[in-house]
Amino acid sequence: KDATVWRKPSEEFSGYLYKAQGVVEDVTNRIVDHIRPGPYRLDWDSLMTTMDIMETFEENCCVMRYTTAGQLWNIIAPREFVDFSYTTSYEDGLLTCGISLDYGEVRPNFVRGFNHPCGWFCIPLKDYPSHSLLTGYIQTELRGMLPQSAVDTAMSSTLTNFYSDLKKALKA
């Protein structure tokens, strides 16, 4: 109901490129403020358990470390990611994109995941300016010994929950 998720083999690594897309009832700036690294993200994203901005290069450019909760009854253990993140205007909307970095030591009790180039595009709908089309391209290498079917199930449910959680946060 909230989002559609597709996948195709990634050209970056041996996993998949996931595309998630849905209409969100709000303006692009407010939506992207909830997605990019910053104070809102931990309040609503049920998968994210911690987020620290480790370095800031300019207002919309940083290195962040975040952790995610275990999934599928902890078949997928909690993960840690360190990403370079950049947010900018793009055509009529906003783009927030990132890629993982090999940065710092992995904290105990986490597996270090790796995000290949990823991004969220948010553009206003021309006929409904108070609504935006939010499209995400995600290439996450969870690492560890995981069956692909578990990764596919986790990714599709995580991405659809992302939209419903975001919509609830924006209404609050």
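Heavy-atom basis, side chains included; hydrogens, waters and symmetry copies ignored.
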Which heavy atom of [X] sits nearest a heavy atom of [Y], and at what distance?
X	Y	value
Pro37	Ile53	CB-CD1, 4.2 Å
Gly104	Arg112	O-NH2, 3.6 Å
Asp33	Tyr40	O-CD1, 3.3 Å
Ala154	Gln71	CB-OE1, 3.3 Å
Ser89	Leu94	CA-CD2, 3.9 Å
Arg65	Glu105	NH1-O, 4.3 Å

Exam field: side chain [X] to backbone [Y], donor-acceptor pair closer than 3.5 Å:
X	Y	answer
Ser164	Asn161	yes
Arg7	Ser156	no
Asp45	Arg41	no
Ser132	Leu134	no
Tyr103	Met54	no
Thr28	Cys122	no
Arg30	Leu170	yes

(message) Do Leu142 and Val111 have side chains that approach each other closer than 4.5 Å (heavy atoms only, starting at C-beta)?
(response) no
(message) Taking the side chain as everything from C-beta on, heavy atoms only, tell me whether Phe110 gets closer than 4.5 Å to Thr68.
(response) no
(message) Would you say that more than 12 heavy atoms from the other residues, nucleotides or ligands in this model lie under 6.0 Å from the CD of Glu59, or not?
(response) no
(message) Test of understanding: clusters of I, L, V, M, F, W, Y form through side-chain heavy atoms closer than 4.5 Å, transitively. Do Val106 and Leu101 belong to the same one?
(response) no
(message) Can you confirm if the aromatic rings of Trp44 and Phe162 lie within a centre distance of less than 6.0 Å?
(response) yes
(message) Tyr66 and side chain to side chain donor-acceptor pair (under 3.5 Å): which single residue from Asp52, Thr50, Asp83, Thr49 fits?
(response) Asp83
(message) Within the 3.5 Å criterion, strictly below it, is a donor on Gln21 or Thr135 matched to an acceptor on the partner's side chain?
(response) yes
